[in-house]
Number of protein chains: 2
Amino acid sequence: MANPECKLCGLKSPAAELLTSNELEKLELNCAQVNFKKGDVIFREGTLATNIAYLKTGLVKVHMKGPTGDKILRLMKAPSYLGLPTTFGDKVNNYSATALIDSHICFISLDTFIEFIFKNGSFAYEIILDLCKNELADYQKYTNMSQKQLPGRLAEILLCMSHEVFKSNRFELPLNNNELSDFISTSRESVSRILSDFSKEGIIIMNKKEITILKEDILEKISIKG
Amino acid sequence: MANPECKLCGLKSPAAELLTSNELEKLELNCAQVNFKKGDVIFREGTLATNIAYLKTGLVKVHMKGPTGDKILRLMKAPSYLGLPTTFGDKVNNYSATALIDSHICFISLDTFIEFIFKNGSFAYEIILDLCKNELADYQKYTNMSQKQLPGRLAEILLCMSHEVFKSNRFELPLNNNELSDFISTSRESVSRILSDFSKEGIIIMNKKEITILKEDILEKISIKG
DNA sequence: GGGCAAATGTGACATTTATCACATTTCAGA
DNA sequence: TCTGAAATGTGATAAATGTCACATTTGCCC
C-alpha cells in the first residue's frame, strides 16, 4: 500500500482528468494503491464489491466461473478501470480479476466515486463513454469468437497480443495453455496442438513462453476466415 | 410518429423518472415515438448513430454481422434503452436492432440526453447502473453460451423466453430456426434437429411457432449441464 | 384457392473438437 | 543440484456438429 498522489499522477483516467483540483484532493484521501504480483487475485467472484479498481500499470485477466470451468472474459491492459460493471451492477462481484504480470492497482472508495458522478457531469459522461466503448469491444470479440473455429480464435488472440498489448511481433505470452483454453473455450490439448501447428507451418516461433510472429499475414487470414 | 407526452408516460425508464419537471418538458420537445412492425429494422449497423432509442413496448433483437453471418447478441424486452453503447461508443452503429414483434420506440435527441447526463447527476448515475447491469448479464450469458453444447444453449433460450420474456410455459416463439442459429452460433439444421429431439422426448410441444414447455425440470437439467 | 418463395425436416457423410492416456518438459523450492 | 508438481506434447478414439442434398411444409400474395 502506498500513499498516492493523484494530482501528480501521470496515469489518470480520461474521467479523472476532468476532476477539479478539490475533487482530486478528495480522491487522494479516498484512494489506496496496492501492488500485485503475477498470479495475485485482485478481486474475487462472490466477494463484496466495495471499491473501484483502477489498473494503473500492468495486465489483468477478468474471468468468471462457468458451467464447465473458468472462462476468461477479457484482458485489461493499463490504464483502465477494472470492474466498473461488477462494482455498480451488483453488490457481489460477478467475476474475478487476476494479475497476469506485476500490476499496480488504485482502489477508490465507491462513495467518493459515486459522489463524482453525481456532482461532476463531465466525469460521469466520461465514465459512460468508457463503459460503452468496452461493451462495444466485448460485442465485437464475442461475435468473432463465437463464429470462428479454434485456429481462428487462437490467431485472433495472438494478433491482439502483438498489436494491442505488447505492440511487438515478439512477446512473452502471459497466459499458459490452460488459460488460453479458458479464453477461447476449448481444451488445453487443442490449444497445444494448434500452437504446434502454427510452429510447424512456420507462422510463429515458440521458445518457452516467448512467441515471435513470423507470418503475420497468414495469421490474419486464419483469424479472419475462422 | 406520434406526439409524445413524456410527463404522463407510464413507461419511463428508471433514469427518466429522476428528471425534473423542466427536464421532462425538454424531453418531450426532443423526442419522437415511432412504431415498428415485426421485422422492421430500428437502426442498422454501419449507419450514423444520431439518437437514443428507447424501447417503450415490444421485443427487439440486437444483432451484428460476424465472419460467417449474423450473430444475435441479445434480445431486449421493453421497457429498455436499446443501443446506448453503440450510440455513445462510436459515431457509427456497431450493430443493428430489429423488431421481433410490433414495437414502440422513442427516439431521443442525443444532445438532449447528454445534457441530462451533464446536469442531472441522478440521471447519469441511473444510466451507469443500467449499462453495468446489462454488461453483467451479457458476461453471464456469454460465459454460459460459450461453455455449453448446442442442446444446453437452446434449452437456455427456451427457458429465458418462458421465464423472462413471456412469463408463461406456452408462447409464440419470436425467432425462426435461422435466427435461433444466429443466436447460439450454429446451423439452422442443428437447431431443427435439437428442437425435434426435445419434441420427441416430450420435453416440449411445438405447434407451428407455438411452444409449450412440458418438462421444465428436464430442460433446466439440459441447460445447466450443457 | 392456387402458386410460389421461404422455412423446415431429415438422411448421409465429412470435419472439427473433446476425451483419455501417457510420455516428456519445465520450473520452483528444498 | 535435486526433486516433485505442474505444465506441455501427442496419439488414438469417440462425440458433436457442420455441410450438402433434397423432400416437405408453411405462409403469403394475387
Side-chain angles (χ1 to χ4, degrees), chain A residues 37-40 61 66-72 98 100-102 145-155 157-158 172-201 204-211 222-223 225-226, chain B residues 37-40 61 66-72 98 100-101 145-156 172-201 204-211 222-223 225-226:
Chain A
K37 289 193 184 156
K38 177 176 177 171
D40 288 347
K61 68 170 173 175
T68 63
D70 227 36
K71 165 76 187 173
I72 295 185
T98 303
L100 292 175
I101 60 178
D102 293 359
M145 287 287 178
S146 67
Q147 290 190 351
K148 286 180 188 174
Q149 296 184 338
L150 295 183
R153 292 188 227 160
L154 204 44
I157 287 187
L158 292 179
E172 196 81 359
L173 194 61
L175 300 167
N176 64 25
N177 285 356
N178 242 311
E179 289 174 310
L180 285 172
S181 74
D182 289 342
F183 206 173
I184 65 177
S185 302
T186 181
S187 63
R188 66 149 196 92
E189 291 96 327
S190 293
V191 169
S192 175
R193 269 186 255 269
I194 294 165
L195 286 178
S196 287
D197 288 349
F198 286 173
S199 289
K200 279 174 199 155
E201 291 162 30
I204 61 172
I205 294 176
M206 288 185 63
N207 200 332
K208 307 283 164 65
K209 291 259 159 211
E210 189 195 70
I211 290 202
I222 294 172
S223 167
K225 85 165 161 35
Chain B
K37 290 192 183 153
K38 178 179 175 169
D40 288 348
K61 68 169 172 175
T68 64
D70 227 37
K71 165 77 189 174
I72 296 185
T98 303
L100 291 176
I101 61 178
M145 287 286 177
S146 67
Q147 289 191 350
K148 286 180 187 173
Q149 295 185 339
L150 296 183
R153 292 188 227 162
L154 206 42
E156 182 172 326
E172 195 82 1
L173 193 61
L175 300 167
N176 63 27
N177 285 357
N178 242 312
E179 290 173 309
L180 284 172
S181 74
D182 289 342
F183 206 172
I184 65 176
S185 302
T186 180
S187 63
R188 66 150 196 90
E189 291 95 327
S190 293
V191 169
S192 175
R193 269 186 256 268
I194 294 165
L195 286 178
S196 288
D197 289 348
F198 286 173
S199 290
K200 278 174 201 154
E201 291 163 31
I204 62 172
I205 293 177
M206 288 185 64
N207 199 332
K208 307 283 165 60
K209 291 259 157 211
E210 189 196 70
I211 291 203
I222 294 172
S223 166
K225 84 167 163 34

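On a predicted model such as this, the values are computed, not experimentally measured, just so you know. First the proteins, then the strands, lettered A, B, ... as listed; each starts at 1. We use all heavy atoms of the structure for the numbers below, so side chains are in, but hydrogens, waters and symmetry mates are not.
In this structure, B:Met206 atom CE and C:dA7 atom P are separated by 15 Å, rounded to whole Å. The CD atom of A:Gln147 sits 17 Å away from the C1' atom of C:dT16 (whole-angstrom rounding). Rounded to an integer number of Å, the gap from A:Ile194 CD1 to C:dT15 P is 17 Å. The separation between A:Asn177 atom CG and C:dT19 atom C1' is 17 Å, rounded to whole Å. Atom CG of B:Leu195 is separated from atom C1' of D:dT17 by 16 Å (rounded to the nearest Å). Counting to the nearest Å, the C1' atom of D:dG9 and the CG atom of A:Leu180 are 15 Å from each other. Regarding A:Ile184, its CD1 atom lies at a distance of 13 Å from the C1' atom of C:dA18, rounded to whole Å. Spacing between atom CD of B:Glu179 and atom P of C:dA7 amounts to 9 Å, rounded to whole angstrom units.
B:Ser196 comes within 4.0 angstrom of sugar-phosphate atoms only, judged by non-hydrogen atoms across all strands, and of no base.
Separating the CD1 atom in B:Ile194 from the CG atom in B:Leu154 is a distance of 5.5 Å, to the nearest 0.5 Å. If you take CD1 on A:Ile184 and CD1 on A:Ile72, they are separated by 10.5 Å, rounding to the nearest 0.5 Å.
In this structure B:Lys200 satisfies the side chain to side chain contact (heavy atoms under 4.5 Å, CB included) test together with B:Ser196, B:Asp197, sequence neighbours excluded. Scanning for side chain to side chain donor-acceptor pair (under 3.5 Å) contacts around A:Ser146 gives B:Ser185, with sequence neighbours left out. Among residues two or more places apart in sequence or in another chain, the salt bridge (Lys or Arg N to Asp or Glu O under 4.0 Å) test is passed with B:Lys71 by none. When the side chain to side chain donor-acceptor pair (under 3.5 Å) test is applied to B:Thr68, the partners found at least two apart in sequence or on another chain are A:Gln147. By the side chain to side chain contact (heavy atoms under 4.5 Å, CB included) test, B:Lys37 pairs with B:Asp40, B:Asp102, sequence neighbours left out. The side chain to side chain donor-acceptor pair (under 3.5 Å) search around A:Asp70 returns A:His63, not counting sequence neighbours. With sequence neighbours excluded, the residues that form a side chain to side chain contact (heavy atoms under 4.5 Å, CB included) with A:Lys209 are A:Glu172, A:Asn176. Residues that satisfy the side chain to side chain contact (heavy atoms under 4.5 Å, CB included) test with A:Ser223, not counting sequence neighbours, are A:Lys148, A:Ala155, A:Glu156, A:Leu159.
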If you look only at distance, which donor and acceptor atoms sit under 3.5 Å apart when one is on a side chain in residues 186-193 of chain B and the other is two or more places apart or in another chain?
{"residue": "B:Ser187", "atom": "OG", "partner": "B:Ser190", "partner atom": "N", "Å": "3.3"}
{"residue": "B:Ser187", "atom": "OG", "partner": "B:Ser190", "partner atom": "OG", "Å": "3.1"}

Protein-nucleotides 26-30 of chain C N/O pairs under 3.5 Å:
none

Would you list the protein and nucleotides 11-16 of chain D atom pairs, both N or O, that sit under 3.5 Å from each other?
{"residue": "D:dG11", "atom": "N7", "partner": "A:Arg193", "partner atom": "NH1", "Å": "3.0"}
{"residue": "D:dG11", "atom": "O6", "partner": "A:Arg193", "partner atom": "NH2", "Å": "3.1"}

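Here the closest heavy-atom approach between residue A:Leu195 and residue A:Met206 is recorded as CB-SD, 3.8 Å.
Distance from the side chain of A:Ser190 is smallest for C:dT17 among the nucleotides D:dG18, C:dT17, C:dT8.
In this structure, A:Asn178 does not reach the D:dT8 phosphate: none of its side-chain N or O atoms is under 4.0 Å from OP1 or OP2. A sub-4.0 Å separation between OP1 or OP2 of D:dA7 and a side-chain N or O of A:Ser192 is absent.
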Here DNA chain D, pairs taken as Watson-Crick or G-U under 3.5 Å and shown with ( ), [ ] when crossing and | when to another strand, reads ||||||||||||||||||||||||||||||
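Along DNA chain C, the nucleotide nearest to A:Arg153 and the one nearest to B:Leu175 differ in position, and the one closer to the 5' end is contacted by B:Leu175.
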